[in-house]
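Proteins come first, then strands; the chains are lettered A, B, ... in the order of their sequence lines, and each starts at number 1. In this text the structure is predicted, and so the values were computed from the model without any measurement.
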Amino acid sequence: AQSVTQPDIHITVSEGASLELRCNYSYGATPYLFWYVQSPGQGLQLLLKYFSGDTLVQGIKGFEAEFKRSQSSFNLRKPSVHWSDAAEYFCAVGARNAGNMLTFGGGTRLMVKP
Amino acid sequence: DAEITQSPRHKITETGRQVTLACHQTWNHNNMFWYRQDLGHGLRLIHYSYGVQDTNKGEVSDGYSVSRSNTEDLPLTLESAASSQTSVYFCASSTLAGGLNEQFFGPGTRLTVL
């Protein structure tokens, strides 16, 4: 069975600083990988996804993520954080032979200092 | 625009009562999912459905049931609510086309069991 670990429960960055949120997964083959963002009181919105091909994927709101097979990682990055990026971020993995089910990490709450 | 809605958005109930949470999507998606979100656990899958008359148990299905009588709706029923079922519940849907695709999430239902 697949699993996802987000090592950082909380991260605080200053507005304008760069951001990297960590995600490690466990799965025996090449996974489908997703990053979702949840603003307070809202549902989850997809930021980006990786299925195959180029290991650096671009998403919405200026986010990108890099799939590193050797490290079983799919870290989310943004070069300059805006106050509106404050939210909770979830990494998720889907198995290619398990239908459309996703396994989510525990989430990372991002706070942005002015 | 297509969307996925949940009702009610907030619910307070008493231990032992039966509760039904509604989920309605207008994406015409085959796949629908119910998750619960608890601090430190991310989202955990309760039940899911790949089409009409199809239902399957997820990771944390005990005490919950679903039924799928049409494409648009997947109501979640708590047969006898327990305080451990106090949580935020999210419904999601996705299409089968093209393999594993992103899930679209509803706004969530906050359930409190007293």
Engineer: Would you call the rings of A:Tyr36 and A:Phe104 parallel, tilted or perpendicular, where under 30° means parallel and over 60° means perpendicular?
Structural biologist: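 The rings of A:Tyr36 and A:Phe104 sit tilted, inter-plane angle from 30° to 60°.
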Engineer: Under a 4.5 Å heavy-atom cut-off, does chain B meet the side chain of A:Gln45, its backbone, both or neither?
Structural biologist: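 No part of it gets close to chain B.
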Engineer: Under 4.5 Å, heavy atom to heavy atom, which residues of residues 67-76 of chain A contact chain B?
Structural biologist: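 Within residues 67-76 of chain A, no residue comes under 4.5 Å of chain B, counting heavy atoms only.
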Engineer: Would you mind checking which part of B:Gln37 comes under 4.5 Å of any heavy atom in chain A, side chain (CB onward), backbone (N, CA, C, O), both or neither?
Structural biologist: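 For B:Gln37, the contact with chain A is made by the side chain alone.
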Engineer: What are the two closest non-hydrogen atoms of A:Lys49 and A:Val57, and how far apart are they?
Structural biologist: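 For A:Lys49 and A:Val57, the tightest heavy-atom pair comes out as O-CG1, 3.7 Å.
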Engineer: Can you label the angle between the B:Phe104 ring and the B:His29 ring as parallel, tilted or perpendicular, going by 30° and 60°?
Structural biologist: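 If you compare the ring of B:Phe104 with that of B:His29, the planes turn out tilted.
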Engineer: Just say parallel, tilted or perpendicular for the rings of B:Tyr35 and B:Phe105, cut-offs at 30° and 60°.
Structural biologist: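 Ring orientation, 0 to 90° scale: tilted.
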Engineer: Is it the side chain or the backbone of B:Arg9 that comes within 4.5 Å of chain A heavy atoms, both, or neither?
Structural biologist: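 Side chain only.
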Engineer: Is it true that atom CD1 of B:Ile12 has more than 12 heavy atoms of other residues, nucleotides or ligands lying nearer than 6.0 Å?
Structural biologist: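 No, CD1 of B:Ile12 has 12 or fewer neighbouring heavy atoms, counting only those of other groups under 6.0 Å.
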Engineer: Going by an N to O cut-off under 4.0 Å, is there a salt bridge joining B:Arg44 and B:Asp38?
Structural biologist: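 A salt bridge is present here (some side-chain N lies under 4.0 Å from a carboxylate O).
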Engineer: In terms of ring plane angle, is the pair A:Phe63 and A:Tyr89 parallel, tilted or perpendicular, where the classes change at 30° and 60°?
Structural biologist: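 Answer is tilted, since the angle falls between 30° and 60°.
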Engineer: Cut-off 3.5 Å, side chains only: do A:Asn24 and A:Thr5 have a donor facing an acceptor?
Structural biologist: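 No, no side-chain donor-acceptor pair sits under 3.5 Å.
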Engineer: Under 4.5 Å from any heavy atom of chain B, what part of A:Ile9 do you find: side chain, backbone, both or neither?
Structural biologist: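 For A:Ile9, no heavy atom lies under 4.5 Å from chain B.
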Engineer: Heavy-atom distances under 4.5 Å only: say whether B:Leu45 touches chain A with side chain, backbone, both or neither.
Structural biologist: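 Side chain of B:Leu45 only, per the 4.5 Å heavy-atom cut-off to chain A.
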